[in-house]
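Written out below as structure tokens is the structure these notes cover.
Everything quoted here is computed from the prediction, not taken from an experiment.
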Amino acid sequence: MMQRQVYSISAFHSSDKTLGETPKKQDRPIHRAILLMLVATGLLGLHASRLVELQLIQGKQNRERAENNRVRLVPMPANRGHIVDRKGKLLAANNLARSVYLWPKEQTPEEWKATAEKLSPLVKIPVEEILQKLEEVDPLSYRPVRIKQAMPPEVFVPLAEEVGQIRGVEVRPEAKRYYPEGSLAAHVLGYIGEATEADLAAHPEYPMGMIVGQMGIEASSNKKIAGVWGDRLIEVNAQNEELRLMGETPPKPGEAVQLTIDLEMQKAAEKGLGNRRGAVVALDVKTGAVLVLASHPTFDPNLFTRKMTKDDWATLQDPENSFLNRAMQGYPPGSTFKIVTSVAGLESGKFSPDSILGTSSYITVGGIDFNEHSGGYGYIGFRDALAFSSNTFFYQVGISTGPEQISKWGHRLGIGKDTDLNLLGLGGGNHGQIPTPEEKEKIYQEPWYAGDTVTMSIGQGLVLVTPLEAAVMVSSIANGGYRVKPHLLTSMTGTPETQRVHTGMKPSTIQVVKEGLIAVVAEGTGQGMNDGTIPMTAGKTGTSEVIGQKDHSLYVAFGPADKPEIAIAVVVENGGYGSVAAAPIAKDVFQAYFGKPKKVKESVVITP
């Protein structure tokens with residue numbers, strides 16, 4: 001009995017032990033479940049974080065990429081405004097051309113290398129240059145890059161057949177700048193070119209490929225001429241074919257710019273210059289409007305409307321500097337400067353309109369002989385001194401008047417900074433100079449000698465005058481004593497900024513000088529202008545010495561003599577006598593202005 005009880009208790013304990021061990025065996029699946037849940041949660045977390053990154057952080061960029069796979073924002077270039085002469089004749093215009101554009105995001109950089117190899121022989125552009133264009137922009141850019149413009153038919157016809165098979169390449173029609181008169185007035189018009197990095201930085205609104213003016217009126221009036229580019233939002237398929245137009249902002253064409261230049265007069269001036277170095281300027285004596293501004297050697301701005309070849313570039317590397325605007329460069333004015341000396345002498349009070357001086361074959365100053373060019377004219381006044389260009393007469397006037405007075409009146413008549421070059425909008429010009437003794441010492445670190453005054457009085461020595469300033473100078477005599485302000489835009493004529501300025505000359509001074517300049521043509525050194533083909537004009541010949549070279553030829557004039565309308569200044573480098581080289585060009589310009597009546601009489605040219 002007792003044994004059974006013990007046994008039963010023992011069995012009970014054994015059973016209790018078994019029950020106590022069962023929960024320990026069930027711990028293992030619970031741990032596994034927890035582990036699986038943690039792993040699953042982690043994986044879901046990674047996916048969620050990636051989803052957040054794609055949709056929230058990178059969502060905008062990815063949406064743009066997806067959108068650009070089917071949508072293109074195509075820039076629409078604006079046509080540049082025309083440039084016309086005072087009568088509306090075209091000087092710069094546009095015609096239809098074709099250009100090649102690449103869409104950077106359509107191919108990978110590696111794919112573009114292969115495409116560049118295919119395009120290079122078709123568009124006649126080195127592979128490296130094509131790739132360079134692509135490297136300059138974001139490879140994911142949704143705007144195209146122009147690699148060639150103004151393609152001739154022999155290039156774009158075969159290319160058009162190929163581009164349908166090349167993804168991301170497009171041939172597009174657009175306007176091309178052209179200059180119907182070639183090199184005519186090139187220094188006024190300037191030229192155009194693709195916006196540089198500096199241009200793009202200065203104007204963030206410019207799109208890639210923007211054409212801007214690089215010189216002349218094309219540059220100074222670029223804001224008005226350029227217009228505003230537009231955009232087309234289009235949907236395309238995988239073959240780059242347009243499916244539908246989704247939106248459009250049309251381009252705004254540039255405005256036309258009208259110049260004061262007279263095309264026929266400009267042609268006459270440039271034809272007269274021919275292949276000689278020099279310049280011609282003609283002004284309206286009442287308003288300062290520039291009718292002619294010619295400089296030679298010159299260049300053809302059409303060269304800059306396409307990719308320039310080596311031959312094109314070679315033509316521009318002229319050692320005589322084709323880009324130099326000689327109309328705004330200083331020359332020794334020679335005897336044309338005797339107009340200034342006359343005014344200074346009369347206005348100084350040292351001389352009157354009736355003053356008479358004796359002339360001779362030379363005068364001696366400081367132990368140096370200063371010669372007359374024709375042996376002397378006896379006793380003469382201002383009228384005859386101008387008519388026959390007497391040196392010894394003006395030597396005496398200059399010495400008595402003094403360099404300060406000559407410089408003062410030269411500036412008042414338009415020589416130097418008193419003529420504002422900024423109004424022209426051309427850039428690159430220089431002013432003339434008429435230094436005083438004080439200025440000479442400051443500039444050249446040399447004292448003023450009596451001989452400086454002598455040479456100054458006849459437009460030699462340190463005196464320099466630009467053809468533009470010479471035209472302003474003679475205008476002040478023609479219009480009754482006003483210094484005009486030269487300008488090239490008709491919109492500026494008659495505005496406060498171009499209002500002429502009274503020089504302060506007395507009417508008696510103007511009358512004496514005017515009579516002398518008419519006498520130059522009627523009976524003096526400029527008789528070649530008085531052959532009946534144009535109304536009577538007034539003028540002054542000039543021949544300036546150039547050390548080691550042939551003399552420069554100069555002529556200034558205004559006409560008609562009785563009621564002046566225009567003034568002209570001509571310089572022919574190394575042309576010799578003013579009456580031989582420069583004066584005939586002025587006559588050509590007068591003929592273009594007045595017309596060409598039949599010749600009624602012959603005359604003899606008297607050379608100074």
Side-chain angles (χ1 to χ4, degrees), residues 330-346 348 350-351 355 357-366 368-377 380-410 413 415 432-437 440 448-466 469-470 473-474 477 512-513 516-517 519-520 524-526 539-547 551-556 569 571 575-579 582 606-608:
Y331 291 89
S335 292
T336 63
F337 192 75
K338 291 172 182 176
I339 294 172
V340 173
T341 305
S342 296
V343 170
L346 291 165
S348 70
K350 302 287 182 67
F351 301 90
S355 292
L357 297 175
T359 63
S360 56
S361 57
Y362 65 92
I363 66 169
T364 302
V365 177
I368 301 173
D369 293 341
F370 293 90
N371 297 319
E372 181 68 82
H373 54 73
S374 301
Y377 300 93
I380 56 175
F382 280 95
R383 177 190 180 278
D384 289 344
L386 286 167
F388 300 103
S389 201
S390 171
N391 283 344
T392 53
F393 180 94
F394 287 103
Y395 291 153
Q396 297 173 74
V397 173
I399 292 170
S400 296
T401 303
E404 290 85 359
Q405 284 294 309
I406 295 174
S407 179
K408 168 188 167 181
W409 283 99
L413 268 60
I415 301 169
Q433 65 173 27
I434 318 172
T436 61
K440 181 193 175 185
W448 187 270
Y449 301 103
D452 290 328
T453 303
V454 174
T455 56
M456 175 192 229
S457 64
I458 62 165
Q460 293 285 171
L462 301 176
V463 178
L464 295 175
V465 178
T466 71
E469 294 168 346
M473 173 189 72
V474 73
I477 303 299
V512 169
V513 176
L517 299 182
V520 169
T525 58
K540 183 71 193 80
T541 55
T543 306
S544 63
E545 297 178 1
V546 185
I547 297 174
D551 296 343
H552 291 335
S553 174
L554 304 98
Y555 189 71
V556 297
V571 174
Y577 290 125
S579 59
I606 301 175
T607 57

- request: Using a 4.5 Å cut-off on heavy atoms from C-beta on, say whether the side chain of Phe393 contacts that of Tyr377.
  value: no
- line: Residues at least two apart in sequence or cross-chain that pass side-chain hydrogen bond (donor to acceptor under 3.5 Å, both in side chains) with Ser335, listed by chain then number, are Lys338, Ser389
- request: Please indicate whether Tyr362 has more than 12 foreign heavy atoms, meaning atoms of other residues, nucleotides or ligands, lying under 6.0 Å from its OH.
  value: no
Minimum-distance pair of heavy atoms, taken over all atoms of Ser457 and Gly398: CB-CA, 3.8 Å
query: Got Val546 and Tyr331 here, is their nearest side-chain heavy-atom distance under 4.5 Å?
result: no
Heavy-atom side-chain contact between Val465 and Val463 under 4.5 Å: yes
- prompt: At their closest point, which heavy atom of Ile339 faces which heavy atom of Leu386, and how far apart are they?
  reply: N-CD2, 4.5 Å
message: Would you compute the distance between atom CD1 of Ile363 and atom CD1 of Ile368 and round it to the nearest 0.5 angstrom?
response: 11.5 Å
task: Would you indicate whether the side-chain heavy atoms of Val474 and Thr336 approach each other to under 4.5 Å?
output: no
- request: Answer yes or no: is there a donor N or O on one side and an acceptor on the other, between the side chain of Asp384 and the main chain of Gly381, under 3.5 Å?
  value: no
message: Suppose we screen for ring-ring contact (aromatic ring centres under 6.0 Å, His included). Which residues come up paired with Phe337, at least two apart in sequence or across chains?
response: none
Value rounded to 0.5 Å, distance of OG1 in Thr359 from CZ in Phe388: 11.0 Å
Distance-minimising heavy-atom pair for Ala470 and Val556: CB-CG1, 3.9 Å
query: Measuring from Thr543:OG1 to Gln460:CD, what's the distance to the nearest 0.5 Å?
result: 9.0 Å
- prompt: Out of Pro403, Ser407, Pro333, which residue meets the side chain to side chain contact (heavy atoms under 4.5 Å, CB included) rule with Ile434?
  reply: Ser407
message: Taking the side chain as everything from C-beta on, heavy atoms only, tell me whether Thr341 gets closer than 4.5 Å to Thr401.
response: no
field: Contact check, side chains of Phe370 and Val365, non-hydrogen atoms, under 4.5 Å
entry: yes
message: Testing the 3.5 Å rule here: is there a donor-acceptor pair between the side chains of Glu372 and Ser360?
response: no
message: Measuring from atom OG of Ser355 to atom CD of Gln396, what distance do you get when rounded to the nearest 0.5 angstrom?
response: 11.5 Å
message: What's the separation between atom CH2 in Trp448 and atom CG in Leu462, rounded to the nearest 0.5 Å?
response: 6.0 Å
query: Are Met473 and Ile415 close enough, and set up right, to give a side chain to side chain contact (heavy atoms under 4.5 Å, CB included), and what steps lead you there?
result: CA-CA 7 Å; Met473 173 189 72; Ile415 301 169; 4.3 Å; yes
message: Do Leu554 and Ser544 make a side-chain contact, defined as non-hydrogen atoms from C-beta onward lying under 4.5 Å apart?
response: yes
field: Side-chain donor/acceptor of Glu469 to backbone N/O of Thr466, under 3.5 Å
entry: yes
query: How long is the span from the NE2 atom in His373 to the CD1 atom in Ile458, to the nearest 0.5 Å?
result: 9.0 Å
- request: Considering non-hydrogen atoms only, spot the tightest contact between Pro435 and Lys440 and give its length.
  value: CB-N, 4.3 Å
- prompt: Sequence neighbours excluded, which residues qualify as side-chain hydrogen bond (donor to acceptor under 3.5 Å, both in side chains) partners of Gln433?
  reply: Tyr444
query: Closest approach of Asn371 and Tyr395, non-hydrogen atoms and distance?
result: O-OH, 3.0 Å
query: Where do Ser390 and Ile380 come nearest, in terms of heavy atoms and distance?
result: CB-CD1, 3.9 Å
